[in-house]
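All values reported here derive from a predicted model rather than from experimental measurement. Indexing begins at 1, ligand by ligand and atom by atom, following the structure's order.
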Amino acid sequence: MTTIRARLTAWYAAAITATILIFGAALYHELQKPNPRELDYRVRLQAEAATKYLQESHRVLGPLVDHLEGTPSLNSAISPYFESVREYLVLVGRRGELLYLSEPARELSFAALERLTAPLQPLPTGPQFGRVTVEPASKLTLHYLVAPVDSAGADIGALLVATPYRNLSFDPGVLLNAMLVSLPIVLLASGALGWWLAGAAMRPVEGIIDELEAITDGRTLHRRIVVPAGGDEIRRLGHAVNAMLARLEQSFASLRRFTADASHELKTPLMVLRAGVERTLTHPKTPAETLQTLDETLEQVNQMSEMVESLLTLARADEGRAPLALEDHDLRDIMTDIAETAGILGEEGGLTVTTELPDHPVRLAVDAGRIRELLLNLATNAVKYTPAGGRVELGLADGVEEVTITVRDTGIGIAPGDLPHIFERFWRADPARSRTGERAGTGLGLAITKWIAEAHGGTIGVQSRPGRGTVFTVVLPKTGEPAAAPPRRDAEA
Ligand code: ADP
């Protein structure tokens, strides 16, 4: 049940099934209750038929009671007629003596028969309905009618017709069967209907999710979702999300503005500071013991200037104010230059810097300054993180649709856990890992490198094995339009 739609469907199906079960149980309970009027009608019909038969028989045959051995009983000429009666039928004489019992009545125990015939004592003066539990153990309750029988001779007094107290026209089995058969169908139908209803209800939410997923970073924060018409919750949600996006966009904009302004404002004082320190360093009267401190100060000031410069670049890139000056260049020239610089940098550490370039020109419309910056970042990192005696190799491959630049080193490598973070701003692995004597980096180099690659419509990737070395691969498309607004991770903002 991962989606709201599936949950809604399940709830809907469960609600429908529960409703049907409750309704079925109530119906079952109601229908099971006997209907007294139906029972009245049944016993009255039987009583009337019996009375009529007795009267007719008396008219034709005369007295209807035989007195065999002193015990009065219904004339054997007419008693067979009553044998077909399926109800409890009791016939008594004027003094209440038993004249006839139908088959169901004869099957009753003595005590039960006593209870059944009790309403005939004394003889009824008019028709009277009633109910009697004749066998409390088996809960056999009978609905009866007692009525006097006139004009059937002086021997016939009254009759009683009784029928079990239960619902005559209702068969619980039929209802149960119907419910058992219909339940799976109802479940399926309600499931399908619920799925459809939930889908229709969730569709606007899905739309909002799709639109929100398209807002991936600070650059797409200007987008707004389409608010559906109507006055429902989805509309409110749409407005709330749009309002939140507006606030976020504003916060992002002021954050970028602040970074750009702060970096810009810091540039001039840092320049003045550097000039001052440099002047003092070169001043002949500066005491020798101060020179060391000033040297370290200059180092720090330089690093700070570098960081401020990088921050300004990134802030401008974020604001879309760092356009590329694209021009056709042979990338081999840029690579050769950088390899030379890297060679000088690596010389001290005894590193070998080599290049592997195609024989033919590899021309591409790039911002040469930026690409130089990208390569220099990668090359200086390679030199910085490769121990003495190691190798740094700059490669260029000319493909059909893209150009691939690789910067490979045999250095300390990057731990797998660190790999996902290296392009983040200000992220640096344990500084103790870099070659001794190397100046600590700012942690902004690779963030800028990534931005430059993406601004050219390209990508940058890294592969590394700790202790074995690292390869950075930059792929630049030959045809693709350089991205004016490169995608960027907000977490780095
Ligand atoms: P820094 O100024 O610290 O070099 P970067 O953004 O250029 O910042 O690099 C971020 C981190 O990535 C570095 O601190 C370092 O840990 C790691 N890194 C970058 N390049 C390499 C490399 N060639 N070999 C090993 N680690 C590297």
Side-chain angles (χ1 to χ4, degrees), residues 259 263 299-315 317-318 335 338-339 341-346 348-356 370-395 404-455 458-474 486 488-489 491-493:
T259 317
S263 326
E299 171 100 350
Q300 291 295 322
V301 170
N302 280 339
Q303 193 180 350
M304 211 161 168
S305 304
E306 201 180 299
M307 189 187 292
V308 162
E309 197 57 53
S310 301
L311 268 179
L312 194 58
T313 305
L314 284 171
D318 288 347
M335 301 263 315
I338 300 296
T341 314
I344 297 167
L345 289 173
E348 188 189 330
L351 302 182
T352 326
V353 178
T354 58
T355 51
E356 201 170 306
R370 293 296 186 199
I371 292 293
R372 235 174 250 280
E373 195 179 347
L374 173 149
L375 281 168
L376 198 63
N377 277 342
L378 294 180
T380 45
N381 273 350
V383 169
K384 196 153 62 167
Y385 299 107
T386 302
R391 238 181 22 255
V392 174
E393 189 182 297
L394 275 71
T404 307
I405 298 169
T406 47
V407 178
R408 187 186 300 270
D409 65 53
T410 57
I412 56 169
I414 302 165
D418 292 344
L419 274 181
H421 305 290
I422 57 165
F423 295 107
E424 285 171 18
R425 295 176 188 188
F426 292 112
W427 193 91
R428 269 182 286 165
D430 183 3
R433 298 185 325 137
S434 62
R435 279 219 336 259
T436 31
E438 284 291 341
R439 194 159 57 79
T442 58
L444 289 172
L446 284 181
I448 292 181
T449 306
K450 187 171 193 276
W451 164 69
I452 295 173
E454 288 173 350
T459 56
I460 182 165
V462 59
Q463 278 178 308
S464 186
R465 282 176 65 190
R468 302 292 291 274
T470 307
V471 193
F472 280 92
T473 310
V474 177
R488 193 179 50 74
R489 292 168 63 151
E492 300 160 15

Is it the side chain, the backbone, both or neither of Thr386 that has a heavy atom closer than 4.0 Å to ligand 1?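 For Thr386, no heavy atom sits under 4.0 Å from ligand 1.
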Heavy-atom contacts under 4.0 Å between Ile414 and ligand 1: side chain, backbone, both, or neither?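 Near ligand 1, Ile414 shows its side chain, while the N, CA, C and O stay back.
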With Ser263, which residues qualify under side-chain contact (heavy atoms from CB on, under 4.5 Å), at least two apart? Thr259, Val308, Leu311, Leu312
List the residues meeting side-chain contact (heavy atoms from CB on, under 4.5 Å) with Thr354, not counting sequence neighbours, and say none if there are none.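 Once residues adjacent in sequence are excluded, the partners of Thr354 under the side-chain contact (heavy atoms from CB on, under 4.5 Å) criterion are Thr352, Glu393.
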Residue Leu446 vicinity, atoms of ligand 1 by number, heavy atom under 4.0 Å: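 So the atoms of ligand 1 that pass are 5 (P), 6 (O), 7 (O), 9 (O), 10 (C), 12 (O), 19 (C).
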Could you list the atoms of ligand 1 found under 4.0 angstrom from a heavy atom of Trp427? 10 (C), 11 (C)
To the closest 0.5 Å, what do you measure between [atom1] ([X]) and [atom2] ([Y])?
{"X": "Phe426", "Y": "Met307", "atom1": "CZ", "atom2": "CE", "value": "5.5 Å"}
{"X": "Ser464", "Y": "Arg408", "atom1": "OG", "atom2": "CZ", "value": "11.5 Å"}
{"X": "Glu309", "Y": "Leu444", "atom1": "CD", "atom2": "CG", "value": "11.5 Å"}

Treating Thr410 as the side-chain partner and Arg391 as the backbone partner, does any N or O pair qualify as donor plus acceptor under 3.5 Å? yes
Does even one non-hydrogen atom of Gly413 get within less than 4.0 Å of ligand 1? yes
Does Phe472 come within less than 4.0 angstrom of ligand 1, counting non-hydrogen atoms of the residue?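 Judged by the 4.0 Å heavy-atom criterion, Phe472 does count as contacting ligand 1.
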Does an N or O anywhere in Arg428 fall below 3.5 Å from an N or O of ligand 1? no
Evaluate Gly443 for polar contact with ligand 1, using N/O atom pairs at a separation under 3.5 Å.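 By distance alone, the answer is yes.
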